[in-house]
Engineer: 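Structure incoming, see below.
Note on naming: letters A, B, ... go to the chains in the order of the sequence lines (proteins, then strands), and numbering restarts at 1 for each one.
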Protein chains: 2
Amino acid sequence: MTRSTPRAEPLSSSLEDYLEAIYRLTPGRTAARGRDIAERLRVRRSSVTLALRSLSARGLVNYAPYDRITLTAKGRTAARDISRRHEALRHFFVKVLEVEEQEAERAACKMEHALSPALRRRLTEFARFMKRCPLGVPQWVKGRRFHCPAPPVQRRRTGGRGKP
Amino acid sequence: MTRSTPRAEPLSSSLEDYLEAIYRLTPGRTAARGRDIAERLRVRRSSVTLALRSLSARGLVNYAPYDRITLTAKGRTAARDISRRHEALRHFFVKVLEVEEQEAERAACKMEHALSPALRRRLTEFARFMKRCPLGVPQWVKGRRFHCPAPPVQRRRTGGRGKP
DNA sequence: GAATAATGTTAGGCGTGTAAAACATTTATC
DNA sequence: GATAAATGTTTTACACGCCTAACATTATTC
């Protein structure tokens, strides 16, 4: 019966992985099964138990032995954030950098833990920009090389940072 | 005098950090001091000793107790690669995403270990593209937002993944 | 060259994250 | 509902990476 205030320390990469796994395994609101978490993370069931205890102590999952596993509100929020970091990276790798799906996934998995809010925001904004902006962009692509056929439009109004 | 065949397993993130630190501390060819490695990695000197043993066992550094620390040819190659991964990320974060220098450094430090050769290449090529390409690019920037003055060209040829 | 400071090493310990194996509980299945 | 299968848990152990504290060696300084 772990009472006391939840530990506030930042999550380890490992625990973030567990949290994310639970999140992804419960699209609606149903409970996750330890078995599936283990499989997803390629880890033993016993390891899952330990991790769940730790996450529970932090107030991120509702967990009691042999009971159903769900995310708390706090846990869900945290998990969503982690998941977004993951997606931001994966998306960027696939859509902008155009690397293989699998490779992107693998890298995103490992890098997501280091993606700060600022970086994530920028990355996402940037990917969106790349998608929308119809000219600077698609020159990059198609196979290995890219070219920039852009005409010498050059200077448009420099928005404010005057440098005469 | 560590003989035996070097261990071939992939380096841990931690060992990569040590290797990189040594690399950066020896611009020319002089030996690195454990003291400095420790300081750089914010780690105790004793930890450095352990790491050096491990790196030595892998044939990446020339090391014997109380002796000078240098990289082997193999170690230098590996270190250069790691360093490049680091730089590729940092550069991208700073020059393209335009996040704060310090933040970029911090993220690069952690992410570098997961950057595959393919990804690194793409990232570098892309950053170069962004730098050169005079139009698609600089719209993104100047503070927080970006805009894409491009005309509504919209749909370009959908390259293959048709989804009617 | 002795005394002192700086640097490097060893020994022992801790926290984290994992696994293996034995056990407990729950869920299927008949 | 008894039995078997699946799932979850505990215990014990191990690898890794770091630390502290004590010790060893090397470098400095006078």
Engineer: Assign each of A:Ala51 and A:Tyr66 to its nearest nucleotide of DNA chain C by heavy atoms, then name whichever residue's nucleotide is nearer the 5' end.
Structural biologist: A:Ala51
Engineer: Does CD in B:Glu100 sit with more than 12 non-hydrogen atoms of other residues, nucleotides or ligands closer than 6.0 Å?
Structural biologist: no
Engineer: Any chance you could lay out the ring-ring contact (aromatic ring centres under 6.0 Å, His included) test for B:Phe92 and A:Phe92, step after step, and finish with the verdict?
Structural biologist: CA-CA 13 Å; B:Phe92 176 78; A:Phe92 176 76; 5.3 Å; yes
Engineer: Please list, in numerical order, the residues of residues 108-116 of chain A that have a heavy atom closer than 4.0 Å to any atom of DNA chain D.
Structural biologist: none
Engineer: Would you find more than 12 non-hydrogen atoms of other residues, nucleotides or ligands less than 6.0 Å from A:Arg68 atom CZ?
Structural biologist: no
Engineer: What is the nucleic acid contact for B:Val43, judged by heavy atoms within less than 4.0 Å: base, sugar-phosphate only, or nothing?
Structural biologist: sugar-phosphate
Engineer: Figure out the CG/C1' separation between B:Asp36 and C:dG8, and round it to whole Å.
Structural biologist: 13 Å
Engineer: Within the pair B:Arg44 and D:dT20, is there a side-chain N or O less than 4.0 Å away from OP1 or OP2?
Structural biologist: yes
Engineer: Does a side-chain N or O of A:Tyr18 approach OP1 or OP2 of C:dT16 to a distance below 4.0 Å, or not?
Structural biologist: no
Engineer: Can you tell me the distance, in whole Å, between the CD atom of A:Glu39 and the C1' atom of D:dG8?
Structural biologist: 15 Å
Engineer: Over how many whole Å does the gap from B:Arg35 atom CZ to D:dA27 atom P extend?
Structural biologist: 16 Å
Engineer: In whole Å, I'd like the distance from the CG atom of A:Leu52 to the C1' atom of C:dT18.
Structural biologist: 15 Å
Engineer: So does B:Arg44 have more than 12 non-hydrogen atoms from other groups sitting under 6.0 Å from CZ?
Structural biologist: no
Engineer: Taking all atoms of both residues into account, what is the closest heavy-atom pair of B:Leu115 and B:Arg85, and its distance?
Structural biologist: O-CD, 3.1 Å
Engineer: Using whole Å, what does the distance between atom P of nucleotide D:dC16 and atom CG of B:Asp17 come to?
Structural biologist: 16 Å
Engineer: Could you give the CG-to-C1' distance, from A:Leu11 to C:dG17, as a whole number of Å?
Structural biologist: 14 Å
Engineer: Give the C-alpha distance, both sets of side-chain angles, the deciding distance and a yes or no for side-chain hydrogen bond (donor to acceptor under 3.5 Å, both in side chains) between A:Asn62 and A:Thr72.
Structural biologist: CA-CA 6 Å; A:Asn62 301 309; A:Thr72 63; 5.5 Å; no
Engineer: C:dT9 P sits how many Å from B:Ile69 CD1, rounded?
Structural biologist: 7 Å
Engineer: Given that A:Ser13 and B:Asp67 both sit by DNA chain C, which one's nearest nucleotide is further toward the 5' end?
Structural biologist: B:Asp67
Engineer: Can you identify which nucleotide, out of D:dT20, D:dG8, C:dG8, has its nearest atom closest to the B:Arg33 side chain?
Structural biologist: C:dG8
Engineer: Let me see the working for B:Thr49 and B:Arg45 under side-chain hydrogen bond (donor to acceptor under 3.5 Å, both in side chains), right down to the final yes or no.
Structural biologist: CA-CA 7 Å; B:Thr49 300; B:Arg45 299 199 300 283; over 6 Å; no
Engineer: Under 3.5 Å, which N/O atoms of the protein pair with N/O atoms of nucleotides 10-14 of chain C?
Structural biologist:
| residue | atom | partner | partner atom | Å |
| --- | --- | --- | --- | --- |
| C:dT10 | OP2 | B:Arg53 | NH1 | 2.5 |

Engineer: CD1 of A:Ile37 versus P of D:dT7: gap in Å, rounded?
Structural biologist: 13 Å
Engineer: My understanding is that only residues two or more places apart in sequence, or in another chain, count here; which of them pass side-chain contact (heavy atoms from CB on, under 4.5 Å) with A:His113?
Structural biologist: A:Ser13, A:Glu16, A:Asp17
Engineer: Atom CG of B:Leu15 and atom CG of B:Leu60: how far apart are they, to the nearest 0.5 Å?
Structural biologist: 8.5 Å
